[in-house]
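What follows is a set of notes on a single structure, which appears directly below.
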Amino acid sequence: MKRILFIISMLAVVAGASAQEAYNEAIRMAKAIADDTSRSLDERRIATFKKDALYYLGSQSYKLTPDSSATMLDYQALALFQFINLFQGSLSMASKKNRSAIIDLFKSVSLAHPRFHDPNKEYVMAYITTEGFLTKFSLDTDWVAAYNDIKKRLSR
């Protein structure tokens with residue numbers, strides 16, 4: 001239920017807000033959870049990934065495509081949150097033996113949809129190569145394409 005309300009609120013923000021408002025709100029929400037020591041370590045680590053992915057997306061967009069639409073950041077932020085929510089839902093419903101397959105599926109989808117084709121693989125793959133993170137995804141991901149792809153794969 002919380003996910004549905006979040007998605008609805010993010011859509012409302014995207015539909016009726018000024019440019020980059022949803023993107024900025026997504027960063028604020030991710031940062032608030034990442035910094036909240038009353039949350040579980042996994043929740044905080046997932047929020048840290050969201051925050052880092054959003055900062056990366058904004059930085060690379062500004063650097064590589066400064067004339068791109070600010071609304072694009074809003075759509076990417078929404079798709080990132082949807083991708084992560086679908087990941088968490090799939091993971092929570094999976095049996096213990098299927099958890100690694102779910103993580104691998106989402107990781108491969110993230111890797112299959114680079115947004116900027118960043119050559120700094122050490123940086124963009126940090127969450128994949130660092131132990132302790134459930135979010136084994138590339139920072140260099142086109143979140144809209146990745147979310148649409150994973151939805152198709154899971155509906156088969």
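None of these values were measured; they are calculated from a predicted model.
Among all heavy-atom pairs drawn from Lys51 and Ala30, the shortest one is N-CB, 3.8 Å. In terms of heavy-atom proximity, Arg45 sits nearest to Gly132 at NH1-O, 2.5 Å. Listed here is the closest heavy atom pair of Ala79 and Tyr147: O-CB, 4.0 Å. For the residue pair Asp74 and Ala22, the shortest heavy atom distance occurs at OD1-N, 3.2 Å. Shortest non-hydrogen contact noted between Ser90 and Leu154 is OG-CD1, 3.8 Å.
Placement of Phe81 and Ile33 in two distinct hydrophobic clusters is found when ILVMFWY residues are connected by side-chain heavy-atom separations under 4.5 Å, directly or transitively. Leu54 and Leu134 fall within a single hydrophobic cluster, where Ile, Leu, Val, Met, Phe, Trp and Tyr are joined by side-chain heavy atoms under 4.5 Å apart, directly or via other members. Cluster annotation: Ile103 and Ile84 are assigned to the same hydrophobic cluster (Ile/Leu/Val/Met/Phe/Trp/Tyr, side-chain heavy-atom contacts under 4.5 Å, transitive).
Under a cutoff of 6.0 Å and an axis angle of 45°, Lys136 and Phe106 do not form a cation-pi pair.
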Check residues 118-129 and write down every donor-acceptor pair under 3.5 Å in which the side-chain atom is one partner and the other belongs to a residue at least two apart or another chain.
unit_1	atom_1	unit_2	atom_2	d
Asp118	OD1	Asn120	N	2.8
Asp118	OD2	Tyr56	OH	2.8
Asn120	OD1	Tyr123	N	3.3
Lys121	NZ	Asp118	O	3.0
Tyr127	OH	Asp52	OD2	2.3
Thr129	OG1	Met125	O	3.3
Thr129	OG1	Ala126	O	3.4

(request) Apply side chain to side chain contact (heavy atoms under 4.5 Å, CB included) to Lys107 and Asp104, showing your working. (result) CA-CA 5 Å; Lys107 177 175 75 173; Asp104 288 344; 4.1 Å; yes

(message) Under the criterion side chain to side chain contact (heavy atoms under 4.5 Å, CB included), I'd like the reasoning laid out for Leu57 against Phe116: C-alpha separation, chi angles, the key distance, then a yes or no.
(response) CA-CA 9 Å; Leu57 179 67; Phe116 304 104; 3.9 Å; yes

(request) Start with the C-alpha distance between Gln76 and Val144, add both sets of side-chain angles, then the distance that settles side chain to side chain contact (heavy atoms under 4.5 Å, CB included), and finish with yes or no. (result) CA-CA 6 Å; Gln76 287 290 322; Val144 172; 3.4 Å; yes

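In this structure, the ring of Phe133 has its center no less than 6.0 angstrom from the ring center of Phe49.
Counting heavy atoms from C-beta outward, Leu73 and Asn24 have side chains that stay 4.5 Å or more apart.
Among residues at least two apart or in separate chains, salt bridge (charged side-chain N to carboxylate O under 4.0 Å, His left out) pairs with a member in residues 145-156 are Asp149-Arg153.
The main-chain N or O of Asp140 is found under 3.5 Å from a side-chain atom of Ser138 such that the two form a donor-acceptor pair.
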